[in-house]
Amino acid sequence: NAYGKLFGMLLGLGAWATLPAVIGGYIGNPWRAQPWIEDAMAQGSAQGRWPGTGLVVETGRGSGYAFDELPVVGEWGRRPLEL
């Protein structure tokens with residue numbers, strides 16, 4: 001039964017770290033930085049894996065990572081919807 005499996009997952013009966021990781025991807029995490037995300041996004045942008053250069057922006061301080069420019073959450077370790 002699919003609903004039974006979903007209910008079990010929400011109770012944490014499966015892999016215990018899956019649901020917190022998914023939720024953290026949506027709402028972000030100000031206390032835990034994951035520098036590999038920024039490195040992977042910059043590498044993918046440099047290799048042309050997606051169109052445009054939206055990950056690297058020109059600011060008054062030079063070029064920088066676009067997610068750093070977000071208000072409030074730009075200084076978080078992992079920003080909401082960064083991946």
Side-chain angles (χ1 to χ4, degrees):
N1 185 345
Y3 291 110
K5 291 179 181 179
L6 177 63
F7 188 68
M9 182 197 71
L10 292 174
L11 288 177
L13 298 178
W16 62 271
T18 301
L19 195 57
V22 170
I23 292 171
Y26 282 108
I27 63 173
N29 187 345
W31 300 284
R32 186 168 181 205
Q34 294 184 336
W36 68 269
I37 295 173
E38 189 172 329
D39 294 341
M41 299 289 268
Q43 179 185 17
S45 180
Q47 293 182 357
R49 292 189 181 137
W50 41 82
T53 57
L55 294 175
V56 179
V57 294
E58 294 298 324
T59 64
R61 302 179 307 268
S63 64
Y65 187 55
F67 284 96
D68 289 340
E69 302 299 318
L70 290 172
V72 180
V73 298
E75 297 178 9
W76 286 15
R78 182 173 49 181
R79 292 101 178 163
L81 301 175
E82 186 172 23
L83 276 179

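Residue indices begin at 1 and follow the sequence shown. Since this is a predicted model, take the numbers as computed values, not measurements.
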Nearest heavy-atom neighbours spanning Tyr26 and Pro80: O-CB, 3.4 Å

Would you name the heavy atoms of Val73 and Arg79 that are closest together and state the gap between them? O-CG, 3.1 Å

Among residues at least two apart in sequence or on other chains, which ones pass side-chain contact (heavy atoms from CB on, under 4.5 Å) with Ile27? Ile23

Enumerate, atom names and distances included, each donor-acceptor pair closer than 3.5 Å involving a side-chain atom of residues 3-15, sequence neighbours excluded.
none

Out of curiosity, does Trp31 fall in the hydrophobic cluster containing Trp36 (side-chain heavy atoms, cut-off under 4.5 Å, transitive links)? no

Just how far is it from atom CG of Asn29 to atom CD of Gln34, taken to the nearest 0.5 Å? 7.5 Å

